[in-house]
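Inspection log for the structure reproduced underneath, given as structure tokens.
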Amino acid sequence: MSLPPPLPPSLPSGGDEHRLHPWSWLFVLLMQLRHYFLPLVALLVFGQRGDRDPMWAQLIPLTAIAALVLVSVLQYLSYRYRIGNDAITVRSGLLARNRREIPFARIHNVEVRQNPLHRLFGVAELRLESAGGVRPEAEMRVLRLDQALALEQLVRQRGQAPQPTPSGAPAADVVPSDDEQVLLRLSSWDVLRMGLLSNRGWALAIAAFGVLFQTVPRPVMDDAIQRGGREAFGYASHLHAGVTGGLVLLAAALLLGWLLLRVLSVVLTLLRYHGFTLSERERRLTVSTGLLSRTRSSVARRRIQAWTLGESTLQRWFGLRQLRIDSAAGGPSRDDDRALRELAPLAGASACDGLVRHLLPQLQWPPQQWQPIPQRGWWRLSLSTLLVVPLLTAALYWRWGLPALALLAWLPVSLLIAHRQMARMGWHLDGQFVAVRGGWWKRWWRWAELDKVQGLRLQRSPLDKLLGTASLQLDTAGAHGDVALALRYLPQARAHALMEELATALARRKLRW
């Protein structure tokens, strides 16, 4: 009989319940203040208006902050955890008491976070995630850094799946290994190149404009836009640049805006991916990344459910790709989600393929042959454009006249893109895994081992019935990738035959989590 690995010296002894770090209440308070920041600002700004006594106007937000401090301290006092041989027990709650038993074998993802304040106090936040949960099973705010890392190591050791042994042979003890193999490390140049090739600056700028239009009153926003426009045109008119000079100034302004967005993309990328390191130890993958806020997230290799390779046109010109995974840990992506999703945020195509072959040695990747999709009905990929663009053009023509007809030039472009996308779509199926590929401007490959497939679904839309086609959807645990694992637009007979073949194969296989 194998014995569980002993507790690391930095962890408290097992069997007894323990509290979090004494400064835990402070970090809980800061988290609550961040959530209630806007209401508190509204109380400070608008609470002093009217006939209300200024003293009472000041006491209301101070009372709210005092209540948050009290709740934070009570949460710290009521939070207990105990480390057992097979599970972690967590007790929490003030009026409603909660107790959670989290078996080590059920923990799919371990995440250690450190923002600048955590690093200043020498502490870290630990999150334990299991399969299918929308929220983590346990959030420990906060532990000493050495305790958080030791607990991560303990989960890695005690959560290992037992290895099969011959019949009648005694089970061997698990011997932990201290050797950590680095699979991928991004240099500063790699991160800088990633920022230059990404659109994070555009996404942030668009989100900022959306927030401004939602929060700033419409008259104030219109007045600011009009005043800024008048000042810009007035400055341009004083230059006496003429038509050519005006076009040059406009091009220079656009180029300057583009450069600023590139710089913003680089800064955001450096903040998130600086020091990105993918390593493996005891068949568990760990990613460490971040400049100011450090994140360390790990997942067992056997927990990976599906894989996705992707590349944009600009990345393809430089021979780069992204490798992402879906694991059974966690639910749909949250705004602050930093779970292990990216094994290679940007790396060479050969490096990504090498990672896949190392982590999935039983598969033959990339497949030697892809099964093509029949080209009948390729125009369906641009059906929405064919319907929306003429209607939009008619509406704009009624308002603007002949210049609105230029919008119709997008129709042949959309049809070309649809034709090229359908021509590149394909699928592959063998006794080990199923894979699909698609995209043209932005290409992707997605696959999963057959042992990870949990369900099959045959879909037919009214257009499928008209064209005699069907799509076969394959479901895996934690499937929240950008593209679905589906064999689309197959002939109906072929789709039914593949579904019968896969259903028979899956019935003989054991689902591996």
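With hydrogens and angles left out, the side-chain atoms of T295 and R113 include no donor and acceptor closer than 3.5 Å. In the model, S327 has no side-chain atom that pairs as donor or acceptor with a side-chain atom of N109 under 3.5 Å. At a cut-off of 3.5 Å, with distance as the only test, a side-chain donor of Q362 or E449 sits close to an acceptor on the other residue. Between Q454 and T476, the side chains place no donor N or O within less than 3.5 Å of an acceptor N or O (distance only, hydrogens not considered).
Residues meeting the salt bridge (charged side-chain N to carboxylate O under 4.0 Å, His left out) test with E500, sequence neighbours left out: none. For W365, the ring-ring contact (aromatic ring centres under 6.0 Å, His included) partners are W447, not counting sequence neighbours. In this view, R460 and D464, K465, A470, Q492 satisfy the side-chain contact (heavy atoms from CB on, under 4.5 Å) rule, not counting sequence neighbours. Residues passing the side-chain contact (heavy atoms from CB on, under 4.5 Å) test with R316, sequence neighbours excluded: E311, T313, R443. Shown here are the salt bridge (charged side-chain N to carboxylate O under 4.0 Å, His left out) partners of R301, two or more places apart in sequence or in another chain: E280.
The shortest non-hydrogen separation linking A138 to R100 is N-NH1, 4.4 Å. Contact record, P345 with F276: CD-CZ, 3.3 Å, taken as the closest heavy-atom pair. The shortest non-hydrogen separation linking R99 to R91 is NH1-NH2, 3.2 Å. Minimum interatomic distance between R296 and S288 (heavy atoms only, all atoms of both residues): NH1-OG, 3.4 Å. Across C352 and A344, no two heavy atoms sit closer than the pair SG-CB, 4.2 Å. For L343 against L184, the heavy-atom pair with the smallest separation is O-CD2, 3.6 Å.
At a threshold of 4.5 Å between non-hydrogen side-chain atoms, the residues L487 and L474 count as touching. Annotation: side chain of R324 is not in contact with side chain of W307 (no heavy-atom distance under 4.5 Å). For the pair H358/L355, no side-chain contact is recorded, criterion being any heavy-atom separation below 4.5 Å from C-beta on. Annotation: side chain of L450 is not in contact with side chain of D430 (no heavy-atom distance under 4.5 Å). Side-chain atoms of R508 and T504, non-hydrogen and from C-beta on, do get closer than 4.5 Å to each other. Two residues are said to be in side-chain contact when any heavy atoms from C-beta on lie closer than 4.5 Å; Y81 and L20 meet this criterion. The shortest distance between side-chain heavy atoms of P366 and R437 does not fall below 4.5 Å. Contact annotation: the side chain of P103 never approaches that of D86 to less than 4.5 Å [non-hydrogen atoms, C-beta and beyond].
Atom CE of M31 and atom OG of S72 lie 7.5 Å apart (nearest 0.5 Å). Annotation: the span from I107 atom CD1 to E152 atom CD amounts to 11.0 Å, rounded to 0.5 Å. Summarising the geometry, atom OG belonging to S312 is positioned 10.0 Å from atom CZ belonging to F318; distances are rounded to the nearest 0.5 Å. Interatomic distance, L323 CG to T308 OG1, rounded to the nearest 0.5 Å: 8.5 Å. To the nearest 0.5 Å, atom OH of residue Y79 and atom CZ of residue R19 are 13.5 Å apart. Taking CZ of R294 as the start and OG1 of T289 as the end, the distance is 6.0 Å to the nearest 0.5 Å.
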Worksheet item: Do L151 and I83 pass the side-chain contact (heavy atoms from CB on, under 4.5 Å) test, and can you show the C-alpha distance, the side-chain angles, and the key distance before you say yes or no?
Response: CA-CA 9 Å; L151 188 54; I83 302 175; 4.0 Å; yes
Worksheet item: What do the steps show when you test R457 against L472 for side-chain contact (heavy atoms from CB on, under 4.5 Å), and what is the final call?
Response: CA-CA 6 Å; R457 183 168 66 250; L472 183 60; over 6 Å; no
Practice prompt. Please assess R488 against W427 for the test side-chain contact (heavy atoms from CB on, under 4.5 Å), listing each intermediate value before the final yes or no.
Written response: CA-CA 9 Å; R488 300 187 183 276; W427 56 276; over 6 Å; no
Practice prompt. Mind running ring pair (Phe, Tyr, Trp, His ring centres under 6.0 Å) on H428 and F433 for me, showing each step along the way?
Written response: CA-CA 8 Å; H428 172 83; F433 74 113; 5.3 Å; yes
Practice prompt. Under the side-chain contact (heavy atoms from CB on, under 4.5 Å) rule, what do Q315 and Q322 come out as? Steps first, then yes or no, please.
Written response: CA-CA 9 Å; Q315 293 170 354; Q322 297 173 315; 4.2 Å; yes
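Remark: R302 does not engage D451 in a salt bridge, criterion side-chain N to carboxylate O under 4.0 Å. With salt bridges taken as basic N to acidic carboxylate O contacts below 4.0 Å, one links R321 and D353.
Remark: the backbone N or O of A87 is not paired with any side-chain donor or acceptor of T89 at under 3.5 angstrom. The backbone N or O of L196 sits less than 3.5 Å from a side-chain atom of R262, completing a donor-acceptor pair. Side chain of R303 to main chain of V299: no donor-acceptor pair is present (N/O by atom type, distance under 3.5 Å, no hydrogens or angles).
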Side-chain donor/acceptor pairs under 3.5 Å, residues 116-125, sequence neighbours excluded:
| residue | atom | partner | partner atom | Å |
| --- | --- | --- | --- | --- |
| H118 | ND1 | N115 | N | 3.0 |
| H118 | ND1 | N115 | OD1 | 3.2 |
| R119 | NH1 | L291 | O | 2.8 |
| R119 | NH1 | L292 | O | 3.0 |
| E125 | OE2 | R127 | NE | 3.1 |
| E125 | OE2 | R127 | NH2 | 3.4 |
| E125 | OE2 | R141 | NE | 3.3 |

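Tested against D326 for a side chain to side chain donor-acceptor pair (under 3.5 Å), the candidates Q305, R446, R341 yield a single pass: R446.
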